[in-house]
Each structure stands twice: as structure tokens, then as C-alpha cells.
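Just below is one structure, and these are the notes that go with it.
Order of the sequence lines fixes the chain letters, A, B, ..., with proteins taken first and strands second; residue numbering starts at 1 for each chain.
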Amino acid sequence: MTDQGIKSRPKYQRLALDPSGRHHLLLIDGPALSSEAADAGFDIAACETWIVIRRSAVPPEPILAEAPGAIRPFRSTAHLFSALQDRLARETMGLRIYAAGTEDFLWDIHGIADQAGMSRQELRFCHVGSKARRIFCVHCRTITAGVKTSIVACSGCGASLFVRDHFSRRLAAFMGVQVDAEAPGEVPDAEEIYA
Amino acid sequence: MIADGPIPLRVHDIESLSPSLKRFSLTALHGGELPTAAPGAHIMLTLRGPDRVMKNAYSLVSPAACRDRYQIIVRHVAQSRGGSAFLHQGIRPGDVIEAAPPVNLFPLSQSARKHLLIGGGIGITPLLSYLPLLKARGARFELHQISSAEDVGVFERLLAPFAPGQEIRIHGGGRGAFDLAGILSRQPLGTHLYVCGPRPLMDAAASTAAALGWPPGKVHKESFGEAAGGLPFKAILARRGIEIDVGETQTLLEAIEATGIAAPCLCRGGACGECRLPVIEGEVEHRDDFLSAEEKAAQSAVMTCVSRARSARLVIDF
Ligand code: FES
């Protein structure tokens, strides 16, 4: 059940600096880069780093230079995403983005980078933290976030959805398919497998 | 119209654009519409000269929407490959030429946010086919055409219909006065580069882009096989047990074809990989964009459309 053998299930790697890039922007869903997210030799000083601290008390005048070594804190991921959109609109070719965080965080960044015309060759993703999934109900098109179980009630239509490994990059979500479509009411027990 | 058989074309019109450039308009011999060719496509013409048959690839400059004719622009240079000289001197309106259906190895990217086009000399031709589409789509683009001083006028005339309100520059001082690194370093994210022209220009563009952090997937090169000539050598086709002389102005592919053997090929410019043949013995002077550096070093394959032998003999498994 944990490996459904589906190819669209994204694969991630520990972050390693891409020497072919000219500028490097590191985006972390948290206050610091966890040791499991990057290679031992990952030179964080070569990157401009954006972190999400989830506090209102963002230090008054942080180092806001757009330069390697600078660290810029954000109150929330939404705060970081809107700054990223503005930043990418005025960036030049040669940028590499490195991101470490939950799948929601990574694929929201993927969407913003894709909008700006960046290709997968210019992005490096490492999945750290919660394995909880964002589930797209294929029946009512509602997204249910933070799903940890193999079966979940859709937050839109209430259907019991089986959480598939089929991942849509466009929606940045896994597909959820009604589990009792053929035999209504026959819902197996949900197991917690995406903790 | 059968899409993959050869297409007989009639030379409808030949226009002299400059002392060395001619534009040929070719229509379907039996009338009707020609197969569509997306911007960036080329056709391969079979040219039957007095002493040999030549096959040359030419980029179409006619807009993709134009189905009643194919237009190509051909440069005649002093020591040019036989085909272009033949088109300039041996072809008259009304003549019939055979073409292979259009192939596109240089398409426009669908996901680019901006298109940066760089042409060198006659390398302007595929770029000319892009412009109507880019304008019609309202796409963001920037074009730099590198030119010798005497060609500035003709390139200006060719680009004039697309110039108003656009970033189109002609650099008449040749490549020396052209700030390639400056242009490549200020392009916005999501730009794709298309470069067509002499090999040194394409190599410089590709290496400068790579040094500035452009990912390889956003750099597109269209080669012309201009540097066809070199020292003569002998090619041995091992499976057939025949020996062929490859002349100074001939490519290995042309020499094989001259014996009547059909050899694989598509772009005839060292880009597509179709003409690759295994090498058994001898040293290859690689001139293609297809093989990786490791494959080139291994000396185990040759792209017959552009590469030659560095040794006096080259034994090929063919
Ligand atoms: S024919 Fe395309 S590489 Fe030779």
C-alpha cells in the first residue's frame, strides 16, 4: 500500500549546489536547513537564503541584500511565495532555485517558478518534514490538505477518498478517488501512512 | 500529397537580393498545397549537377501559413559547397527540383517567456520564419543579426516588415563588435536562445550561455554544415567491402551517396544524430553538435553529414 508503483510520484534528492548556475536562491520551509536536506558539502554561503519563521516578530531590519550569504525571514509560506513571484519577474537567466520542505511547499514553488518560465533543470527539491499529502478529489475538485491517512473524507463532497500515488504537478496534489464507488458504504479502515 | 515521399517542386521565381544572395520561390510541380512546415523547418533539395548529385538542406523563410510556396534564401560564397553554387548558376525559373518533405529540428519553444534570436550571416533564414508567428502571437522577442558591412542593407530590407516597435538590431561590424556576453547576461528568466550561423558563432553563444548559467534545454542551435570541406581521405565501408574517395569539397555523406548507396540522414547539419555510423578504424575530426564529448573522445562513431577523417583512412561499419 505504501508503494503503489506509480511513476508520477515525485522523487526528491538531497540538495547539492549546481555549479552551472550563476545565482543561487535557497528556500526553506522552516528556520534553518535541516541536515538531512543537503549534502555535507552544500555551501549555504553561496546562496541567498529565504526562511519561513512562522512568527510575526520578523527581525526589524534584517539583511535584505539580494546577495549570496544574505538570509531573509518570512512570516509564512504565503508571504515567501508572493515575494518569490515579484523576485522572479525581475530575475535574469542563470538563477537556480533550491527548496527544502513539505511537498505542498515544494510544488507551490514549482508552480511559481514554472509561471516565470523556469524549467526543471533550474530547480532542485528536497522533501523534508511532514509526509502529509494534499489531496485533489477527482469527483468534486476540492483540495483537502494535510492528509496523513490512506483514506480520507473529502472536505468538499464528503466522499471517502482513497489516496493515490498519482501526483499532478499542475495541481501540486495527489489524486483522491472514491473508495466505495462500486459498493457504497464499503469503506476499509484508514491507516496512518503519510505522517 | 504523400507526406513522406519526395516532393517535386517547380522553381517559380528567383530574386536577387544582393550580389551573393538569391531568394528562390518553389511551388508544387502539380499545383496545389504543399505540406505545412512549422517555423524553423528546413527542406532537403536534391540537386542534379552536371557531374554529381548533391543534397543540401535549406531553412524555409516563407511563413508557416503559406502553403502555396516554399521560399529559401541561398548564399553563394566563393568556395561554397557545390549545391549553393549550382542553385545560383545552374537553376532557372521553370526548372524542377526534388525536395524531401520539411523537417523541423529548430522549433520555437512553447513555454518560453521570451525568445532571443541570434543570427550570423545567412543564419538569418530560420529566424525569418519565426518572425511572423512571434509577431502574430504578440510574443516577446529580441533579435540580433550579425552581418558583414556589405550585407547590412539586405538584412535591413528582410527584417523591415517585422521591425516596427520591436527589438531588432543588425550588427554590421561583424562578431568582434558584438557584445554576446552582455546580451546573454541581461535576459529575463524564462528566455530561450536560438542561434543560427557559422560554427564559431554558435559555439561561442553556447559556451557563453553555459558560463552564465543558462540550462542546456534553453539553448537551441541550428547548424548549416558550412565547413563541409577539408583534406581528402579514403572511407572504407566494411560491410560492403568498398572504398570511397572523399574529396576536398565533399562531405563523407555526399561521397557515400555519390556511389548510389542510400545512407541515413535528416538535418545534414550535425544536429539530429540520424546519420551516425559506427567507426571501426581511423580517427574522426568531429564537427557535429550531436555526440557528447565522451563519445567524440571514444572515436567510435562518425556523423557523416559534417565530420571527416583526420587520418588518411576511415573504416566504417556500414
Ligand atoms: S544528418 Fe543530422 S546529424 Fe547528420
Across all chains, not counting sequence neighbours, the side-chain contact (heavy atoms from CB on, under 4.5 Å) partners of B:V154 are B:L17, B:S18, B:L21, B:D151, B:R157, B:L158
### Close aromatic pair by centroid cut-off 6.0 Å: A:F105 and A:F81
yes
What one should report as the nearest heavy-atom pair of B:R287 and B:S307 is N-OG, 2.9 Å
- Query: Given the rule in the salt bridge (Lys or Arg N to Asp or Glu O under 4.0 Å) test, do B:E295 and B:R276 qualify, once you have shown the distances and angles that lead to the verdict?
  - Reply: CA-CA 12 Å; B:E295 287 174 311; B:R276 174 188 188 138; 3.3 Å; yes
Highest number of heavy-atom pairs under 4.5 Å with chain A among B:G190, B:A210, B:A209 belongs to B:G190
The side-chain contact (heavy atoms from CB on, under 4.5 Å) partners of A:P68 (sequence neighbours excluded) come to none
The salt bridge (Lys or Arg N to Asp or Glu O under 4.0 Å) partners of B:R310 (sequence neighbours excluded) come to B:E283
| task | Would you please indicate yes or no on a ring centroid separation below 6.0 angstrom for B:Y70 and B:Y58? | result | no
So, the part of B:A112 with a heavy atom under 4.5 Å from chain A: the answer is neither
Between chain B and chain A, which N/O donor-acceptor pairs sit under 3.5 Å?
{"unit_1": "B:R113", "atom_1": "NE", "unit_2": "A:Q115", "atom_2": "O", "d": "2.8"}
{"unit_1": "B:R113", "atom_1": "NH2", "unit_2": "A:D114", "atom_2": "O", "d": "2.6"}
{"unit_1": "B:R113", "atom_1": "NH2", "unit_2": "A:Q115", "atom_2": "O", "d": "3.0"}
{"unit_1": "B:S185", "atom_1": "O", "unit_2": "A:R22", "atom_2": "NH2", "d": "3.2"}
{"unit_1": "B:Q187", "atom_1": "O", "unit_2": "A:M93", "atom_2": "N", "d": "2.8"}
{"unit_1": "B:L189", "atom_1": "N", "unit_2": "A:E91", "atom_2": "O", "d": "3.0"}
{"unit_1": "B:L212", "atom_1": "O", "unit_2": "A:R22", "atom_2": "NE", "d": "3.0"}
{"unit_1": "B:G213", "atom_1": "O", "unit_2": "A:R96", "atom_2": "NH1", "d": "2.9"}
{"unit_1": "B:G213", "atom_1": "O", "unit_2": "A:R96", "atom_2": "NH2", "d": "2.9"}
{"unit_1": "B:G217", "atom_1": "N", "unit_2": "A:Q121", "atom_2": "OE1", "d": "3.1"}
{"unit_1": "B:K218", "atom_1": "NZ", "unit_2": "A:G117", "atom_2": "O", "d": "2.5"}
{"unit_1": "B:K218", "atom_1": "NZ", "unit_2": "A:E122", "atom_2": "OE1", "d": "2.7"}
{"unit_1": "B:K218", "atom_1": "NZ", "unit_2": "A:E122", "atom_2": "OE2", "d": "3.4"}

